[in-house]
Amino acid sequence: MTKEKAQILDQEGIRRSLTRIAHEIIERNKGTGNLVLIGIRRRGVPLAERLAERIKDIEGSSVPVGTLDITLYRDDLTTMAYQPLVRSTEVPFSVSGKTVVLVDDVIYTGRTIRAALDAVIDLGRPRVIQLAVLIDRGHRELPIRPDYVGKNVPTSRKEEALVKLNEIDGEERVIILELPD
Amino acid sequence: MAINGKDLISLKNIPAETIKLILDTAEPMKEIIKRQIKKVPTLRGRTVVTVFYEASTRTRTSFELAAKYLSADVVNIAAATSSVSKGESLKDTARTITSMGADVVVLRHPMAGASELLARTVDASVINAGDGAHEHPTQALLDLFTVREKKGRLEGLKVAIVGDILHSRVARSDIWGYTTMGAEVRLAGPATLMPPGIEKTGARVYNDLEEALEGADVVNILRIQLERQRQGLFPGLREYAVMFGINRDRLKLAAPDALVMHPGPMNRGVEISPEVADGLQSVINTQVTNGVAVRMALLYLLTGGAHIEAAY
């Protein structure tokens with residue numbers, strides 16, 4: 001049986017983390033010039049939209065937001081018994097010469113991000129790509145490190161970090177689940 | 001959900017949800033075709049072999065591009081230049097190809113049932129790219145995709161299929177596809193080119209072309225297959241054009257926003273007049289683009305098996 005072990009963030013905690021990340025993005029990039037946000041399906045998408053709102057509140061300027069589906073870039077399709085459904089990638093702006101901030105909910109092995117990097121580069125040639133995640137749970141299998149982290153959560157491999165967002169799940173919290181042996 | 005096992009041979013007996021899955025998957029594939037860099041690494045290391053026993057530039061190129069956009073390796077075999085001309089049987093050709101490691105075989109063959117026979121012979125996925133006058137399922141899927149894209153739905157639409165139904169594998173696959181998705185199919189053409197018993201498919205045969213066109217949402221015009229017309233099934237091309245050719249006046253009988261479709265290649269001035277082929281209602285060029293997207297979706301879905309929500 002999967003068991004809820006702990007709650008890492010509540011609604012207020014998620015809100016605060018995103019506000020801090022928004023400030024860090026603006027500070028590191030010295031404003032919002034040439035900045036675009038791309039959310040990785042599924043939960044990276046509402047997080048990217050929220051970050052864009054925060055950035056607009058702080059800086060007063062709108063940042064374009066795109067959606068990336070990385071299914072076709074996975075490196076394990078040939079070894080899987082099941083294939084995931086492909087959904088659409090919607091990046092209605094050029095990424096060439098831009099500062100792209102990829103946004104996802106949890107970073108774990110780093111393979112999703114590797115796939116996302118390939119997917120973004122196939123859309124054009126960004127000047128720089130940065131990575132923002134709400135939760136970093138460790139256990140990287142690739143040399144990838146996020147630039148902005150909401151919360152570092154050291155987990156065991158028998159655990160799962162689950163982000164629940166109002167837009168998708170109808171609730172707002174981050175929990176650690178204990179997976180069965 | 002799997003697509004009818006490992007192969008795509010026919011649209012008969014394919015459930016609506018499977019067709020919907022293929023069409024839904026083709027949507028993101030179409031986005032890739034519109035990109036500047038039209039390539040994703042999905043089928044890297046996979047091999048697709050096209051085996052064409054009949055001439056076809058359009059379908060073969062469409063499959064080849066679809067496979068290449070997904071990063072598969074593609075080998076094209078034209079029967080005329082292969083060991084087939086030395087008398088090798090279809091089964092032996094197929095066994096040779098799959099022994100070399102092909103994952104997908106795309107077959108065009110003049111004999112109805114050839115792709116089904118092949119599918120039973122080899123482990124690779126087999127896609128029917130037209131078998132005799134039997135079926136051409138990928139053409140029908142791209143027709144369905146194009147109509148759904150333009151009309152937003154398939155259910156409840158009136159689809160008129162006009163012309164040489166007897167020799168048309170496209171018509172047969174279209175009938176299965178449209179009726180499964182809840183559209184009404186009307187067939188019209190010379191009585192000599194109407195296969196007996198075709199009503200059993202769920203389509204309705206109209207003796208009067210104008211009645212079939214009345215209020216149609218889609219007018220799918222079939223090619224007069226000149227190469228199959230040696231038996232004199234209609235008096236002549238000029239008479240066919242007068243009796244069954246779709247021109248501007250006839251098109252006015254259909255719904256004002258009716259789509260004009262044709263699987264190509266067109267005999268302009270015979271089954272379709274140039275002003276209809278190039279008119280505002282024509283989606284013939286869109287069909288060609290969508291053909292690549294639909295074939296990408298099929299290659300992706302067939303090389304997998306079942307499907308789950310992404311959890312990566």
Side-chain angles (χ1 to χ4, degrees), chain A residues 40-45 66-96 104-126 141-142 160-163 168-169 177 179, chain B residues 1-3 6 17-18 20-48 66-73 101 103-104 124-125 145 149 293-312:
Chain A
I40 300 171
R41 278 192 199 272
R42 290 176 69 200
R43 289 178 181 76
V45 178
T67 297
L68 203 63
D69 183 281
I70 54 107
T71 310
L72 296 171
Y73 289 84
R74 295 170 64 127
D75 60 7
D76 59 350
L77 279 175
T78 51
T79 56
M80 289 171 78
Y82 294 93
Q83 256 181 331
L85 286 170
V86 188
R87 292 199 169 78
S88 61
T89 286
E90 288 151 28
V91 181
F93 45 80
S94 166
V95 297
S96 293
D104 207 357
D105 57 345
V106 179
I107 183 164
Y108 177 37
T109 62
R111 287 175 192 270
T112 297
I113 304 303
R114 185 212 60 82
L117 290 171
D118 283 351
V120 168
I121 287 165
D122 275 357
L123 297 174
R125 190 179 186 281
E141 294 170 3
L142 297 170
E160 191 177 344
L162 204 60
V163 174
I168 292 169
D169 311 289
L177 292 178
L179 301 173
Chain B
M1 186 202 320
I3 305 184
K6 70 177 176 73
E17 59 265 32
T18 305
K20 185 173 177 299
L21 171 71
I22 298 167
L23 305 187
D24 288 349
T25 308
E27 276 178 27
M29 298 300 180
K30 186 162 179 182
E31 181 264 321
I32 293 166
I33 300 172
K34 289 182 183 161
R35 289 185 193 173
Q36 203 173 2
I37 302 169
K38 302 172 185 62
K39 207 165 190 76
V40 291
T42 316
L43 296 188
R44 199 171 49 193
R46 301 292 186 102
T47 305
V48 175
K68 284 183 169 168
Y69 290 164
L70 292 173
S71 298
D73 294 310
D103 298 292
V104 181
S125 288
F145 182 79
E149 183 181 64
V294 162
R295 287 166 182 131
M296 287 169 78
L298 279 169
L299 289 172
Y300 170 75
L301 292 170
L302 283 174
T303 48
H307 313 280
I308 51 161
E309 292 287 309
Y312 196 52

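So that the names make sense, note that chain A is the first sequence line, chain B the second, and so on, each numbered from 1.
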Ile40(A) portion near chain B, given a 4.5 angstrom heavy-atom threshold: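 Neither part; nothing is under 4.5 Å.
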
Exam field: side chain Thr89(A) to backbone Asp69(A), donor-acceptor pair closer than 3.5 Å: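 Looks like yes, one N/O pair under 3.5 Å.
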
Residues, nucleotides or ligands: over 12 heavy atoms within 6.0 Å of Gln36(B) CD: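 No - once you tally the heavy atoms of other residues, nucleotides and ligands closer than 6.0 Å, there are 12 at most.
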
Partner set under side-chain hydrogen bond (donor to acceptor under 3.5 Å, both in side chains) for Lys20(B), not counting sequence neighbours: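 Asp24(B).
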
With Glu27(B) via side-chain hydrogen bond (donor to acceptor under 3.5 Å, both in side chains) - residues at least two apart: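 Glu27(B) satisfies side-chain hydrogen bond (donor to acceptor under 3.5 Å, both in side chains) with Arg148(B) once adjacent residues are dropped.
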
Interface moiety of Leu43(B) toward chain A, non-hydrogen atoms closer than 4.5 Å: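 No part of it gets close to chain A.
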
Lys30(B) portion near chain A, given a 4.5 angstrom heavy-atom threshold: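 Nothing of Lys30(B), per the 4.5 Å heavy-atom cut-off to chain A.
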
